2 protein chains.
Amino acid sequence: MRQRRVPDVVVNRLPLYLRVLSEIDVDHAPIISSYELGERTGITPGQIRKDLSMFGVFGKQGVGYDVSILRGELRRILKLNRIVNVGLVGVGNLGQAFLRYGADRQREILSREGLRMRAAFDQDERKIGRRIAVVEVYPVARMPELIKKLDLKIMILTVPAGAAQEILDRCVASGVKAFLNFAPVKLTVPAGVRVHHADFTLQLESLAYYSREWEGNEEQTNIESGTD
Amino acid sequence: MRQRRVPDVVVNRLPLYLRVLSEIDVDHAPIISSYELGERTGITPGQIRKDLSMFGVFGKQGVGYDVSILRGELRRILKLNRIVNVGLVGVGNLGQAFLRYGADRQREILSREGLRMRAAFDQDERKIGRRIAVVEVYPVARMPELIKKLDLKIMILTVPAGAAQEILDRCVASGVKAFLNFAPVKLTVPAGVRVHHADFTLQLESLAYYSREWEGNEEQTNIESGTD
DNA sequence: GATTGTGAACGCCTTCACAGCA
DNA sequence: TGCTGTGAAGGCGTTCACAATC
Ligand SMILES: NC(=O)c1ccc[n+]([C@@H]2O[C@H](COP(=O)([O-])OP(=O)(O)OC[C@H]3O[C@@H](n4cnc5c(N)ncnc54)[C@H](O)[C@@H]3O)[C@@H](O)[C@H]2O)c1
Ligand SMILES: NC(=O)c1ccc[n+]([C@@H]2O[C@H](COP(=O)([O-])OP(=O)(O)OC[C@H]3O[C@@H](n4cnc5c(N)ncnc54)[C@H](O)[C@@H]3O)[C@@H](O)[C@H]2O)c1
């Protein structure tokens with residue numbers, strides 16, 4: 001089986017596999033089985049094999065997966081084998097935290113997978129021209145120019161809810177097709193554009209449902225349930 | 001139909017309905033239909049009705065839902081009808097952003113639904129005793145005491161990956177049953193404890209898959225797809 | 001007339017189980 | 001012998017369609 005419309009859930013699991021593979025010391029453990037990968041990710045071995053089988057045949061039967069090879073394949077599948085440049089709009093509390101994160105650990109969790117934070121944008125004159133960690137803050141008016149020049153492929157939206165749709169539309173007009181949105185609003189996008197929502201408020205509220213005594217503590221299964 | 005094991009996906013959608021209802025001016029629009037609620041949330045009307053029907057009968061046929069009543073019911077279902085106290089561990093880049101968010105908009109998006117940020121914890125001596133926005137930073141050693149005293153029901157984990165499991169275990173030992181985790185690690189928890197992951201790195205990586213030209217831009221459906 | 005509540009059909013993802021292969 | 005790859009079965013959430021009801 002191969003590439004027949006890959007379900008979103010599958011694509012969403014691939015980075016988890018990739019992370020585990022990236023954290024393995026290849027010299028000590030050059031090979032990994034779907035069972036061990038399953039233990040480290042919390043995904044069942046069968047599921048992992050099914051997921052991978054959508055993209056090709058990467059393992060050796062009776063042996064397992066070569067860690068380096070599988071890692072390379074996953075990066076290729078996720079299109080992380082070339083550097084992916086990322087921009088951010090809204091240099092407030094959250095935006096700054098994110099910019100510092102990318103910098104502090106520039107060699108680590110983000111950039112080892114090919115993601116690079118390249119530019120930040122804000123409306124506030126006092127923030128423009130500042131440098132937060134490795135990234136400079138530009139005026140919003142320069143977005144079209146810099147999206148092209150820096151080849152920004154993903155935009156992170158950390159603007160207030162009221163500004164998110166407008167900023168998104170302007171980015172889309174400049175050709176950006178992928179967004180990570182932190183503003184608590186529904187965003188409307190044309191076909192071919194992708195928005196992932198990172199809405200902690202909603203997650204906190206749904207947690208409340210589980211925060212009191214589990215009434216029907218029926219099964220004791222489901223270690224590590226919840227939102228992934 | 002009523003309460004026969006509610007699927008997680010359903011619980012995860014409820015806060016979205018709640019948000020829309022909370023943003024409605026009840027004086028101008030005291031009634032809302034599942035169609036309008038659907039437009040504002042991006043969920044199909046049928047889905048909304050099915051979701052709600054798991055918990056009871058809240059609408060009037062031929063009319064719609066009373067906004068105030070439905071809002072009250074959702075808050076009750078989500079156990080947000082009493083104040084839910086929230087703590088945070090790890091007062092770094094992200095932790096501080098979050099503490100400030102809760103404060104800046106204390107009357108707004110978090111607290112209007114009954115969530116209250118009450119205490120923060122850190123290991124770093126220099127941070128202990130500081131006050132970030134409305135919340136004081138305490139030493140980790142005081143967690144058991146303050147979890148009880150402040151009745152903390154949800155803990156937000158913004159510590160480094162290496163510390164997350166230990167902190168979680170200590171919170172669980174003090175009776176916390178719900179966590180929002182930002183550290184990029186798999187966490188293991190006993191039955192009856194719930195962990196929601198807010199792992200932006202994984203979300204960014206899966207976005208990369210969609211960030212280039214949509215090869216098979218088959219359907220132009222799916223406005224607003226992706227992670228919710 | 002309009003909209004809810006819901007059983008039934010549907011479709012999709014997950015799980016299962018084993019054949020295939022090193 | 002051990003683990004992958006995968007068709008088939010199963011489970012579960014979503015969609016459909018309409019009867020019930022205001
Ligand atoms: N901080 C958090 O912990 C947190 C948590 C959940 C959700 N959010 C959401 O993330 C977003 C940002 O939150 P924050 O706390 O960083 O807010 P913030 O007010 O600190 O920062 C917003 C930034 O966006 C800039 N901005 C405003 N309008 C703009 C525009 N039209 N174009 C460009 N820049 C503009 C502002 O100048 C400011 O720097 C909000 O939508 C918020 O609801 C934040
Ligand atoms: N900042 C971001 O944008 C971002 C993005 C994605 C994920 N994360 C994750 O969120 C977590 C926090 O990120 P950050 O950038 O705020 O890191 P940070 O280093 O700025 O902050 C971590 C804080 O935790 C405290 N701490 C460390 N060990 C502790 C312990 N055992 N007990 C109590 N406190 C302890 C530190 O003193 C520090 O204040 C990390 O796991 C990170 O991977 C952060």
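Residue numbers start from 1 in every chain, and the chains themselves are labelled A, B, ... in the order their sequence lines are given, proteins ahead of strands. Predicted model, so just to flag it, every value in this text is computed and none were measured.
- The distance between atom CG of B:Leu14 and atom P of D:dG13, rounded to the nearest whole Å, is 14 Å.
- Note on B:Asp8 versus B:Arg13: no salt bridge recorded, every NZ/NE/NH1/NH2 to OD/OE distance being 4.0 Å or above.
- Here salt bridge (charged side-chain N to carboxylate O under 4.0 Å, His left out) pairs that include residues 62-71 of chain B, with residues two or more places apart or in two chains, are B:Arg71-B:Glu113.
- Atom-to-atom, CD1 of A:Ile48 to P of C:dT15 comes out at 11 Å; the value is rounded to the nearest Å.
- Looking at which nucleotide of DNA chain D each of A:Gly62 and A:Gly46 is closest to, the 5′-most match is held by A:Gly62.
- Each of B:His197, B:Lys186, B:Gln165, B:His196 was compared with B:Asn181 under the side chain to side chain donor-acceptor pair (under 3.5 Å) criterion, and only B:His197 meets it.
- A sub-4.0 Å separation between OP1 or OP2 of C:dG11 and a side-chain N or O of A:Arg5 is absent.
- In this entry the distance linking NZ of B:Lys50 with P of C:dA9 reads 13 Å, nearest Å.
- Applying the 4.0 Å criterion to OP1 and OP2 of C:dA2, one finds that B:Tyr65 has every side-chain N and O outside that range.
- Taking only distance into account, the side chain of A:Lys60 never meets the base of D:dG5 through a donor-acceptor pair shorter than 3.5 Å.
- Ion pair A:Asp151/A:Arg116 not flagged as a salt bridge, since none of the NZ, NE, NH1 or NH2 atoms sits closer than 4.0 Å to an Asp/Glu carboxylate oxygen.
- Side chain B:Gln61 to base C:dT4: a donor-acceptor pair is found below 3.5 Å.
- Sorted by first then second residue, the salt bridge (charged side-chain N to carboxylate O under 4.0 Å, His left out) pairs that include residues 32-48 of chain A, not counting sequence neighbours, are A:Glu36-A:Arg40.
- Ring orientation note: the planes of B:Phe55 and A:Tyr209 are nearly perpendicular, at an angle over 60° on the 30°/60° scale.
- Distance, B:Arg49 CZ to D:dA17 P: 13 Å, rounded to whole Å.
- Ring geometry for A:Phe98 versus B:Phe200: interplanar angle of 30 to 60°, hence tilted.
- Near-neighbour residues of DNA chain D inside residues 15-36 of chain B, defined by a heavy atom below 4.0 Å, are absent.
- Here the P atom of nucleotide C:dT3 and the CG atom of B:Leu52 are 16 Å apart, to the nearest Å.
- When the P atom of D:dT4 is taken as reference, atom CG of A:Asp51 falls 14 Å away, rounded to whole Å.
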